[in-house]
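None of these values were measured; they are calculated from a predicted model.
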Amino acid sequence: MAGHSKFKNIMHRKGAQDKKRSNLFSKLSREITVAAKMGMPDPDMNPRLRLAVNAAKAQSMPKDNIQRAIDKASAADGDNYEEVRYEGYGPGGSAIIVETLTDNRNRTATSIRTAFSKHGGNLGTEGSVVHGFERLGYIMYPADAGGEDKVLEAAMEAGAEDITSTDDGHEIWTAAEDLHQVASDLEKSLGEAQEVKLAWKPNLTVDMDEQGASTLLKLIDVLDDDDDVQTVWGNYDISDDVMEKVEG
């Protein structure tokens with residue numbers, strides 16, 4: 001599959017942002033609560049909840065917070081969140097997918113539409129950009145999880161579709177429906193992954209110039225700061241040179 005280094009650019013910037021966001025724990029808690037409500041409140045019996053709990057642990061979320069989020073799912077007065085996906089176009093012809101968990105569709109839609117319009121983009125209709133992405137399972141291991149050969153062998157045995165190893169770590173791709181099983185098998189041989197999630201992987205990427213990248217990153221920051229937004233995906237590629245100029 002093409003575009004690994006480009007997608008890594010997206011993922012790593014996303015990871016860096018995640019670590020400094022003050023509202024990260026509330027987003028993780030919301031996903032845990034929704035996952036627990038949709039299935040069993042036991043991570044061993046609920047693959048989606050297991051992913052949510054592992055994501056929380058990876059960000060050093062305290063066990064008490066995780067348990068509270070699980071317990072909230074069975075509370076009679078608990079909030080009812082629904083999953084809503086928004087799609088639109090950002091600066092420079094980039095395509096953006098925004099995944100949300102919201103208890104108020106009108107509020108969320110207004111916030112996201114405003115964010116796009118203020119930062120050189122346009123919110124589209126559902127299905128307007130998703131055809132340019134593939135829904136895949138994504139598993140990330142740090143470089144110290146093992147050498148390229150060891151990780152490649154483990155991934156192949158687990159049934160992964162593709163793997164890319166760099167100095168930054170190992171990216172493993174699976175079919176969406178195989179994610180839970182592959183992640184579980186890999187955990188036995190490589191330990192706990194740094195990230196396990198369903199991803200929107202772009203089929204083609206768009207190179208961003210300095211001006212487009214600057215506006216785009218502001219749009220992504222605004223979306224990330226919205227409590228209802230869980231994840232932002234895009235098909236943009238920002239070179240290291242352009243990123244240095246934008247952030248310098």
Hey, what do you get for [atom1] ([X]) to [atom2] ([Y]), rounding to the nearest 0.5 Å?
X      : Y      : atom1 : atom2 : result
Asp162 : Leu136 : CG    : CG    : 9.5 Å
Lys27  : Thr231 : NZ    : OG1   : 8.5 Å
Glu134 : Asn203 : CD    : CG    : 6.0 Å
Leu101 : Ser29  : CG    : OG    : 11.5 Å
Thr33  : Met38  : OG1   : CE    : 13.0 Å

Of the non-hydrogen atoms in [X] and [Y], which two are nearest, and what is the gap between them?
X      : Y      : answer
Ile32  : Ala52  : CG1-CB, 3.7 Å
Leu219 : Pro91  : CD2-CD, 4.2 Å
Tyr81  : Asp103 : CD2-N, 3.7 Å
Thr110 : Asn106 : OG1-O, 2.9 Å
Leu190 : Ala145 : CD2-O, 4.1 Å
Ala183 : Val196 : CB-CG1, 3.9 Å

Electrostatic pair Arg30:Glu82 at N-O distance under 4.0 angstrom: no

Counting C-beta onward and ignoring hydrogens, is there a side-chain heavy-atom pair between Asp42 and Asn46 closer than 4.5 Å? no

Taking C-beta and beyond as the side chain, do Met140 and Ile172 meet within less than 4.5 Å on heavy atoms? no

What verdict does the side chain to side chain contact (heavy atoms under 4.5 Å, CB included) test give for Ile139 and Leu179, after you've listed the backbone C-alpha separation in whole Å, the side-chain angles of each residue and the deciding distance to 0.1 Å? CA-CA 8 Å; Ile139 303 167; Leu179 176 61; 3.7 Å; yes

Surrounding CD of Glu153 (heavy atoms of other residues, nucleotides or ligands, distance under 6.0 Å), is the total greater than 12? no

For the CD atom on Gln211, are there more than 12 heavy atoms of other groups (residues, nucleotides or ligands in this structure) within a distance under 6.0 Å? no

Are Leu123 and Val222 connected into the same hydrophobic cluster when the rule is that any two of I, L, V, M, F, W, Y join if their side-chain heavy atoms are below 4.5 Å apart? no

Show the numbers, then the answer: is there a salt bridge (charged side-chain N to carboxylate O under 4.0 Å, His left out) between Glu187 and Arg50? CA-CA 13 Å; Glu187 194 170 315; Arg50 180 170 168 75; 2.9 Å; yes

Partner of Glu83 by salt bridge (charged side-chain N to carboxylate O under 4.0 Å, His left out), out of Arg105, Lys37, Arg48: Arg48

Under 6.0 Å between ring centres, would you say that holds for Trp173 and Tyr138? yes

Between Glu87 and Arg113, is the salt bridge (charged side-chain N to carboxylate O under 4.0 Å, His left out) condition met? List the steps. CA-CA 10 Å; Glu87 301 172 37; Arg113 188 177 293 108; over 6 Å; no

Output, in order, the C-alpha distance, side-chain angles, deciding distance and verdict of salt bridge (charged side-chain N to carboxylate O under 4.0 Å, His left out) for Arg107 and Asp228. CA-CA 9 Å; Arg107 178 192 67 222; Asp228 296 335; 3.0 Å; yes

Please determine which of Glu171, Glu148, His170 meets the side chain to side chain donor-acceptor pair (under 3.5 Å) test together with Ser165. His170

